[in-house]
2 protein chains.
Amino acid sequence: MAKRQVTLDEVAERAGVSRSAASRAINNAPNVSRVKREAVQRAVEALGYVPNATARALATQQVGSVVLAISGEDPALLADPFFAEVVVGISSVLEETDLELVLSLATSERGQARLAQRLRTRQADGVMLMSLRENDPLAALAHQADVPVVFGGRPLGFEPSYYVDADNRCGGRAATEHLVATGRTRIATITGRLDEGAGTARYQGFQDALAVAGLDASRIVQGDFAEDGGAQAMGELLARWPDLDGVFVASDQMAIGALRVLREAGRSVPDDVAVVGFNDISAARHTVPPLTTVHQPIQALGREMARMLLAVLAGEQPSPLILPTRLVVRASS
Amino acid sequence: MAKRQVTLDEVAERAGVSRSAASRAINNAPNVSRVKREAVQRAVEALGYVPNATARALATQQVGSVVLAISGEDPALLADPFFAEVVVGISSVLEETDLELVLSLATSERGQARLAQRLRTRQADGVMLMSLRENDPLAALAHQADVPVVFGGRPLGFEPSYYVDADNRCGGRAATEHLVATGRTRIATITGRLDEGAGTARYQGFQDALAVAGLDASRIVQGDFAEDGGAQAMGELLARWPDLDGVFVASDQMAIGALRVLREAGRSVPDDVAVVGFNDISAARHTVPPLTTVHQPIQALGREMARMLLAVLAGEQPSPLILPTRLVVRASS
DNA sequence: GTGAAAGCGCTAACAA
DNA sequence: TTGTTAGCGCTTTCAC
């Protein structure tokens, strides 16, 4: 540990050139002669020189990292397969660049404060913000941020310049239409959090479809996207509308909880009650019965967020992106 | 964007003190008079000063971040619920500190190279390394690393100073003993990757138990910890030893795949074949039938890794940690 | 094509 | 308790 760092000066000396020449050679700037470039090359190898990123960052005013901030009070949020997939997408893009990914769970007060500071002091070159709540303090931060911000999902209450979202409304509609098309008439929904864009959009899709079909859209219980919440919501639904024959659940995680409750209540799926989820997480294929759900390209969401941020960083002005969703019919409906 | 940064000098000037005084006040060093401290305080507020972390890092030679590196060729690794939980544990600890978490998926050549560089140039204050393979290039890096390294799971081939692991061998043994105790006699196993510590340890536990019971331990197929691998391995197992009546599967993910194959093969679980998994991921409760499995405290694993790293960073020499595992009996056995 | 010199913003040793 | 003075290691004008 704590070996002394080999500095650029040492390389320069060894190569018998000036420090600036060495610097140019290393960052392969154009104005360096062949011989010097090669001399520097050799010196670098010989000395095992590796540039100090911090110093470089200080000099260039570029940090070399971007942060992914996830809002929400529960640190376990990240364990949600949805976010995990998003992270995979993001890091697959970032791996091709020299940027690194800083994970910022802005759950505690402290976490929020830290994030705020980072955003204001350009301690990151860019920020990706996910799953903002309505009136989320992070939104304010984003506005005064010193660095580009890309949103994952459209936040409620304002339209950011850069975001990538899935077509949640359309997906919710497709899911519900499917229930209608398969003959269900007493259709309920377990919504996601209605203070998040994805939650409201999916719910709107639900309303859209039932309005067109002329069906009653009042069977609704609000959930929270998580499994236990889904179970609880299903219980409530069953208690209030025991005659329901179809339910659109705004996330697969909740749908898994709902399936459990339905089973415990002795309702057969899909015979008594058809269930359609949302997200198409990998677990959806293995529920019993396998879950009909709305597929959204989660990894792609992450990838596109990262790409968009890169584009902004490169001085471009990419336009917002809406990724398509599509219904995947399995046995639960 | 790109507001000019307020510097310490400006604060000092505004407060009417020297820069060093300002610096001391801000880092609340002892030797500053009350009045100056407060003057600086006010100036900071008035100017909206926020220290520049990069400059500080350069001066103090402390970066303020730690990296979690996950080895493996598949970027989707992170979507594994196991890793996701570990990350949750880590970040819950880090959130209490001023360190941030850099996620480094060392999957591509490039990723590895970058990580190597970071490790060698002290671009992070510490490193957590997970799921190293035998002869993993990362291990070499870890040795020449300039910064403290904490391992998640014991790597094969050497004993690092700092690691936290789960008691995999004991867990594998408990799982297998349970199969024995419930009367199974033709017991097979789907191992994890045998070039990873966790994989071999669980397999050893399997062997231990069967040796004690005097049963045949030759029914083994190697898996890879992932669901599809588990399905495939189960197929192979069934083909080679159609008479098996119990199987210890070294990860829940693989067990989920195995359950599917058993169902498709018309074997009833647990009547024809008892299945025991490992990890106790949340999905294990919802398989059909619910999965008997070996619980390990995954979030705690992450937490302890982070704590251990903090301890090392604080100059302590924490001893390695082995977290307990325990059998959770559900309906699949 | 090359080198000298002036920073980037902060900390820390030293002298006062 | 205070201020002065060097750095930390790199980039980048600006003359040559």
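Reckoned from all heavy atoms, side chains included, excluding hydrogens, waters and symmetry mates. Proteins get letters first, then strands, A, B, ... in listed order; numbering begins at 1 in each.
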Practice task
Produce a footprint string for nucleotides 8-16 of chain D: one letter per nucleotide, 5' end first; B if the base is under 4.0 Å from any protein heavy atom, S if only the sugar-phosphate is, - if neither.
Solution key: BBBBBB---

Handout entry: Presence of salt bridge, A:E304 and A:R307, under 4.0 angstrom
Key = yes

Handout entry: A:E10 and A:R14 ion-paired at < 4.0 Å
Key = no

Exercise for the section: Taking salt bridge (Lys or Arg N to Asp or Glu O under 4.0 Å) as the test, write out the residues that go with A:R133, two or more places apart. Expected result: A:E73, A:E196

Handout entry: Inter- and intrachain pairs under salt bridge (charged side-chain N to carboxylate O under 4.0 Å, His left out), touching residues 86-98 of chain A, at least two apart
Key = A:D98-B:R110

Exercise for the section: Please determine if a side-chain N or O atom of A:S18 lies less than 4.0 Å away from the OP1 or OP2 oxygen of C:dA4. Expected result: no

Problem - Contacts of B:A15 that satisfy side chain to side chain contact (heavy atoms under 4.5 Å, CB included) - sequence neighbours left out - result: B:V17, B:A39, B:V40, B:A43

Fill in the blank from the handout: With five pairs defining each end axis, the helix from C:dG1-D:dC16 to C:dA16-D:dT1 comes out bent, to 10°, by 40°

Practice task
Return the residues of residues 36-47 of chain B meeting this criterion: a heavy atom under 4.0 Å from some atom of DNA chain D. Order them by number, or give none.
Solution key: B:K36

Fill in the blank from the handout: Which of A:L94, A:V102, A:T97 passes side-chain contact (heavy atoms from CB on, under 4.5 Å) with A:V66? It is A:L94

Completion exercise
Separation between CZ (B:R56) and CG (B:L8), nearest 0.5 Å, reads 9.0 Å

Problem - N/O donor-acceptor pair under 3.5 Å between B:D125 side chain and B:V63 backbone - result: yes

Practice task
Could you verify whether a donor N or O on one side chain and an acceptor N or O on the other, from A:Y49 and A:E45, lie under 3.5 Å apart?
Solution key: no

Practice task
Could you tell me the separation between the CD atom of A:Q123 and the C1' atom of C:dG9, rounded to a whole number of Å?
Solution key: 12 Å

Problem - Distance flag, aromatic centroids of B:F158 and B:Y163, threshold under 6.0 Å - result: no

